Amino acid sequence: MKIATWNVNSLKVRLPQVLNWLATHQPDALCLQETKMEDAVFPLQDIEQAGYRAVFAGQKTYNGVAILSKLVAADPVIAIPGFDDPQKRVLAATIAGVRVVCLYVPNGQSVGSDKYQYKLAWLQATTAWLKAELAAHPKLVVVGDYNIAPADIDVHDPKTWEGQVLCSEAERAALQQLLAIGLQDGLRLVEPAAQIFTWWDYRMNAFKRKMGLRIDHILVSAAMAAAILRCSVDLEPRRHERPSDHAPVMAEFAG
DNA sequence: ATGGTAGAAACTCTA
């Protein structure tokens, strides 16, 4: 089973690239973030023509998540229970017996800002929710744009980024709290020490200059960690014309 | 000393 995640930064702009990527890689599930569209205009027909189903929770202009899958996505959840949030950032569904959770963690803007406080509160609420999801579904995979680089190895220039948003201690601690419910970093299970990035700023030729961060992750429960075969970042779409600023990440599991 | 770029939408905000 192949499960992938990709922050597309507008599904309207990136739809041809997404359809292309589905055809090439044939994931069982592809989780999207920053679709930036209301449900009424979601391109369901194009996705169905490509052989996929979709569940989605979107809004105009900002945020928005979707899960594309070959098989039915059952028991969808489109909000963090008990956490009042107008922003569409979570989607969970069960696909072929695996609980797949798609997250678009708030960016946080800058350390100490209102958006940063929201990010930390959001992560706390998400951790509590996912603890319950894990108890109900031992086969759990939590993917998405976390907007957190877990460690300095995940940052092109740790000194410049030290203490900044995406790298601050409180954000990294919040990610560790989420891992502590019983999740592991899928990429690190497969690539313990390599420097691998998933996001590069559009500005200053950051991609060409390899000025990236690893902020998109595939977290897996113990049952899924035991089955993981591969996990990698696909740089090809980031080289494409009119790319998303994020690259897709994909994991493959036995069975 | 603050910009650079991209997207959506609308003359600004978010990332």
Side-chain angles (χ1 to χ4, degrees), chain A residues 5-21 30-43 46-47 56-66 85-91 102-123 126 143-150 154-168 170-172 174-175 197-217 233-249:
Chain A
T5 180
W6 193 4
N7 179 324
V8 290
N9 185 19
S10 169
L11 182 55
K12 185 179 176 184
V13 172
R14 238 62 71 187
L15 181 63
Q17 294 182 44
V18 168
L19 296 175
N20 219 7
W21 202 84
L30 172 60
C31 297
L32 304 177
Q33 302 86 38
E34 285 205 89
T35 56
K36 296 187 174 179
M37 57 171 57
E38 291 180 305
D39 292 348
V41 297
F42 191 89
D46 298 280
I47 286 159
F56 39 91
Q59 64 188 94
K60 200 183 276 192
T61 311
Y62 302 120
N63 311 312
V65 284
D85 188 0
Q87 303 190 19
K88 299 289 195 280
R89 295 180 172 278
V90 304
L91 191 50
C102 175
L103 300 182
Y104 176 45
V105 176
N107 172 281
Q109 195 168 62
S110 61
V111 172
S113 67
D114 288 350
K115 292 188 179 71
Y116 183 78
Q117 295 308 325
Y118 164 66
K119 180 179 195 173
L120 295 177
W122 190 98
L123 284 162
T126 295
V143 312
D145 176 1
Y146 284 74
N147 271 314
I148 301 172
D154 302 308
V155 182
H156 68 94
D157 181 358
K159 283 211 170 132
T160 298
W161 281 87
E162 187 177 7
Q164 301 297 308
V165 77
L166 313 187
C167 299
S168 73
E171 290 164 84
R172 287 178 171 174
L175 180 57
F197 303 137
T198 66
W199 171 82
W200 304 258
D201 199 299
Y202 282 122
R203 295 167 287 189
M204 304 198 309
N205 260 316
F207 181 66
K208 274 188 182 164
R209 297 163 66 191
K210 304 185 190 301
M211 295 168 60
L213 275 72
R214 188 171 72 96
I215 57 175
D216 301 84
H217 307 298
V233 178
D234 182 12
L235 299 183
E236 194 279 326
R238 190 63 180 81
R239 298 190 192 106
H240 197 277
E241 269 190 49
R242 264 196 119 180
S244 168
D245 45 350
H246 295 253
V249 186

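Chain identifiers are assigned alphabetically (A, B, ...) following the order of the sequence lines, protein sequences preceding nucleic acid strands; residue numbering begins at 1 within each chain. From a predicted model like this one, the values you see are computed outputs, not experimental measurements.
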**Q.** Residue pair A/Q33, A/D145: steps toward the side chain to side chain donor-acceptor pair (under 3.5 Å) verdict
**A.** CA-CA 7 Å; A/Q33 302 86 38; A/D145 176 1; over 6 Å; no
Q: Evaluate side chain to side chain donor-acceptor pair (under 3.5 Å) for A/N107 paired with A/Y116, printing each intermediate quantity in order.
A: CA-CA 8 Å; A/N107 172 281; A/Y116 183 78; over 6 Å; no
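Of the candidates B/dG3, B/dA8, B/dT14, the closest approach to any side-chain atom of A/V13 belongs to B/dA8. Closest approach to the A/Y202 side chain among B/dA9, B/dT5, B/dA15 is made by B/dT5 (side chain taken as heavy atoms from C-beta onward). In this structure, the nucleotide among B/dA8, B/dT14, B/dG4 sitting nearest to the side chain of A/Y62 is B/dT14. Side-chain proximity of A/N9 to the nucleotides B/dA8, B/dG4, B/dG7 is greatest for B/dG7. For A/Q109, whose side chain is taken as the heavy atoms from C-beta onward, the closest listed nucleotide among B/dT14, B/dG4, B/dA9 is B/dT14. Nearest nucleotide to the A/R14 side chain, out of B/dT14, B/dG7, B/dA8: B/dG7. Counting only heavy atoms from C-beta on, A/K36 has its side chain closest to B/dG7 among B/dG7, B/dG4, B/dA15.
Rounded to whole Å, the separation between the C1' atoms of B/dA15 and B/dG3 comes to 15 Å. Using atom P as the reference point in both B/dT14 and B/dA9, the two lie 15 Å apart (nearest Å). Straight-line distance between the C1' atoms of B/dA10 and B/dA6: roughly 16 Å, to the nearest whole Å.
The residue A/Y104 sits close only to the backbone: its heavy atoms come under 4.0 Å of sugar-phosphate atoms, none of a base.
For the pair A/E171 CD and B/dA15 P, the computed distance is 12 Å after rounding to whole Å. In this structure, A/Y146 atom OH and B/dA15 atom P are separated by 18 Å, rounded to whole Å. Look at CZ on A/R238: it is 10 Å from C1' on B/dT5, rounded to the nearest Å. In this structure, the NZ atom of A/K12 is 18 Å from the P atom of B/dA6, given to the nearest Å. One interatomic measurement links the two molecules: NZ of A/K115 to P of B/dC13, which rounds to 9 Å at whole-angstrom precision. A/N107 places its CG atom 18 Å from the P atom of B/dA6, with the value rounded to the nearest Å. Taking atom CZ of A/F207 as the reference point, atom C1' of B/dA15 lies 19 Å away to the nearest angstrom. Distance CG (A/N63) to P (B/dA9): 13 Å, rounded to an integer number of Å.
Taking the six-membered ring where the residue is Trp, A/W161 and A/H156 present perpendicular rings, their angle passing 60° and hence far from 30°. The aromatic rings of A/W200 and A/F207 sit perpendicular to each other, their planes meeting at more than 60°, with 30° as the lower class boundary.
Comparing A/Q87 and A/R203 by the nucleotide of DNA chain B whose heavy atom lies nearest to each, the residue mapping closer to the 5' end is A/R203.
In A/Q117, the CD atom is crowded: over 12 heavy atoms of neighbouring residues, nucleotides or ligands sit closer than 6.0 Å.
Screening A/D216, A/D154, A/T5 for a side chain to side chain donor-acceptor pair (under 3.5 Å) involving A/T198 leaves a single residue, A/D216.
A close approach under 4.0 Å does occur between a side-chain nitrogen or oxygen of A/R242 and OP1 or OP2 of B/dG7. For the pair A/K60 and B/dA8, the criterion of a side-chain N or O lying under 4.0 Å from OP1 or OP2 is not met.
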